[in-house]
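Side chains included, hydrogens not; waters and symmetry mates left out as well; all remaining heavy atoms used.
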Amino acid sequence: QVQLVESGGGSVQAGGSLRLSCAVSGRPISMYHMGWFRQAPGKERESVAAINWYIGSTYYLDSVKGRFTISRDNAKNTLYLQMNSLKPEDTAVYYCVADRGRLPKDSGGQYDYWGQGTQVTVSS
């Protein structure tokens with residue numbers, strides 16, 4: 001069984017930065033494609049960023065390209081999302097996602113494991 005625990009959320013002003021972490025237990029993170037999703041109140045869930053476990057290629061939602069960076073530390077079994085130049089529209093609950101076979105980049109996709117989420121609030 002894989003467990004994902006997010007941390008690092010909080011409240012910041014527009015233009016600020018946050019780094020989200022996702023601690024993975026139960027299996028080595030290197031066995032999974034990993035990603036971050038978010039869901040804002042009244043909006044559909046959307047995939048924000050993802051990283052391929054094997055070749056390390058990445059995917060980003062267009063609106064976060066150049067501002068967010070996804071990375072993984074296999075030794076610490078942890079996934080990160082560095083978020084810079086935050087905007088009010090980035091406000092959402094952010095979820096860590098893991099899947100054995102598919103890169104978690106499809107907003108409507110069903111993936112193997114999900115964390116409980118961490119709140120990010122960006123004020124103008």
Side-chain angles (χ1 to χ4, degrees):
Q1 185 70 11
V2 174
Q3 290 187 326
L4 311 176
V5 178
E6 304 95 335
S7 62
S11 298
V12 295
Q13 291 191 328
S17 298
L18 284 173
R19 188 176 80 157
L20 304 184
S21 298
C22 172
V24 180
S25 61
R27 291 287 188 277
I29 190 176
S30 58
M31 296 175 61
Y32 293 88
H33 302 294
M34 302 291 298
W36 292 94
F37 276 65
R38 69 185 181 188
Q39 188 164 23
K43 294 188 176 182
E44 296 290 319
R45 183 187 68 187
E46 61 183 356
S47 174
V48 176
I51 185 165
N52 181 297
W53 78 268
Y54 184 64
I55 61 175
S57 58
T58 55
Y59 157 83
Y60 293 98
L61 183 67
D62 283 347
S63 62
V64 309
K65 286 180 180 177
R67 300 189 298 121
F68 290 11
T69 303
I70 188 171
S71 62
R72 62 198 302 165
D73 186 329
N74 290 346
K76 295 183 177 180
N77 232 34
T78 301
L79 179 73
Y80 301 101
L81 185 67
Q82 178 68 44
M83 305 186 295
N84 298 327
S85 303
L86 282 162
K87 303 176 181 180
E89 50 264 44
D90 295 319
T91 296
V93 177
Y94 284 71
Y95 298 90
C96 177
V97 180
D99 196 275
R100 281 298 304 270
R102 297 165 296 163
L103 191 66
K105 66 178 184 66
D106 295 322
S107 295
Q110 301 298 313
Y111 299 105
D112 294 338
Y113 301 102
W114 294 76
Q116 292 299 307
T118 186
Q119 176 71 46
V120 171
T121 303
V122 184
S123 59
S124 59

Open item on the list: Using every non-hydrogen atom in the two residues, find where Val120 and Leu18 come nearest and quote the distance to one decimal.
Closed with: CG1-CD1, 3.9 Å
Open item on the list: side chain to side chain contact (heavy atoms under 4.5 Å, CB included), that's the test. Do Asp112 and Val2 meet it? Break it down for me.
Closed with: CA-CA 9 Å; Asp112 294 338; Val2 174; over 6 Å; no
- [ ] For side chain to side chain contact (heavy atoms under 4.5 Å, CB included), just list the numbers for Arg72 and Trp53, CA-CA rounded to whole Å, side-chain angles, deciding distance to a tenth of an Å, and then say yes or no.
- [x] CA-CA 9 Å; Arg72 62 198 302 165; Trp53 78 268; 3.6 Å; yes
- [ ] Answer yes or no: is there a donor N or O on one side and an acceptor on the other, between the side chain of Arg67 and the main chain of Ser85, under 3.5 Å?
- [x] yes
Open item on the list: Could you work out, with side chain to side chain donor-acceptor pair (under 3.5 Å) as the rule, every residue matching Asn84, not counting sequence neighbours?
Closed with: Ser17, Gln82
- [ ] For side chain to side chain contact (heavy atoms under 4.5 Å, CB included), just list the numbers for Tyr95 and Arg38, CA-CA rounded to whole Å, side-chain angles, deciding distance to a tenth of an Å, and then say yes or no.
- [x] CA-CA 6 Å; Tyr95 298 90; Arg38 69 185 181 188; 5.9 Å; no
Open item on the list: Is there a continuous path of hydrophobic side-chain contacts, each under 4.5 Å between heavy atoms, that joins Leu103 to Met31?
Closed with: yes
Open item on the list: What's the separation between atom CG in Leu79 and atom CD1 in Ile70, rounded to the nearest 0.5 Å?
Closed with: 4.5 Å
Open item on the list: Minimum heavy-atom separation for Pro104 and Gly35, please, with both atom names.
Closed with: CG-N, 3.6 Å
Open item on the list: Given 3.5 Å as the limit, does a donor-acceptor pair link the side chain of Asp73 with the main chain of Ala75, or not?
Closed with: yes
- [ ] Calculate, to the nearest 0.5 Å, the distance between atoms OG1 and CD belonging to Thr91 and Gln119 respectively.
- [x] 7.5 Å
Task: Sidechain-backbone polar pair: Ser124 side chain, Ala14 backbone, donor-acceptor under 3.5 Å - done: no
Task: Common cluster, Leu20/Val97, ILVMFWY with side-chain heavy-atom separation under 4.5 Å - done: no
Open item on the list: For Arg102, give me all partners under side chain to side chain donor-acceptor pair (under 3.5 Å), at least two apart in sequence or on another chain.
Closed with: Asp99
Open item on the list: Working to the nearest 0.5 angstrom, can you tell me the gap between Tyr113 OH and Gln3 CD?
Closed with: 10.5 Å
TODO: Consider only side-chain heavy atoms of I, L, V, M, F, W and Y, link residues closer than 4.5 Å, and tell whether Val48 and Val93 are in one cluster.
DONE: no
Open item on the list: When you compare the side chain of Thr78 with that of Ile29, does any pair of heavy atoms fall below 4.5 Å?
Closed with: no
Open item on the list: Check this for me: does any side-chain nitrogen of one of Asp62 and Lys65 sit under 4.0 Å from a carboxylate oxygen of the other?
Closed with: yes
Task: Side-chain donor/acceptor of Asn77 to backbone N/O of Ser30, under 3.5 Å - done: no
Task: Charged tip of Arg100 within 45° of Tyr32 ring normal and under 6.0 Å - done: yes
Open item on the list: Rounded at 0.5 Å granularity, tell me how far CG in Leu81 sits from SG in Cys22.
Closed with: 10.5 Å
- [ ] Would you indicate whether the side-chain heavy atoms of Phe68 and Leu86 approach each other to under 4.5 Å?
- [x] yes
Open item on the list: Are Leu61 and Tyr80 connected into the same hydrophobic cluster when the rule is that any two of I, L, V, M, F, W, Y join if their side-chain heavy atoms are below 4.5 Å apart?
Closed with: no
Task: CD/Gln116: more than 12 non-hydrogen atoms of other groups inside 6.0 Å - done: no
Open item on the list: Does Tyr94 form a side chain to side chain contact (heavy atoms under 4.5 Å, CB included) with Glu6? I'd like the steps, not just the answer.
Closed with: CA-CA 8 Å; Tyr94 284 71; Glu6 304 95 335; over 6 Å; no
- [ ] Of all the heavy-atom pairs spanning Leu4 and Cys96, show the shortest one and how long it is.
- [x] CD1-O, 3.4 Å
- [ ] Check whether any side-chain heavy atom of Met83 sits under 4.5 Å from a side-chain heavy atom of Val64, and report yes or no.
- [x] no
Task: For Phe37, ring-ring contact (aromatic ring centres under 6.0 Å, His included) partners two or more places apart - done: Tyr111, Trp114
TODO: Indicate yes or no for a side-chain donor-acceptor contact from Thr58 to the backbone of Ile51 under 3.5 Å, with no hydrogens or angles considered.
DONE: no
- [ ] Indicate the atoms forming the closest heavy-atom contact of Ser123 with Pro88, along with that distance.
- [x] C-CG, 4.5 Å
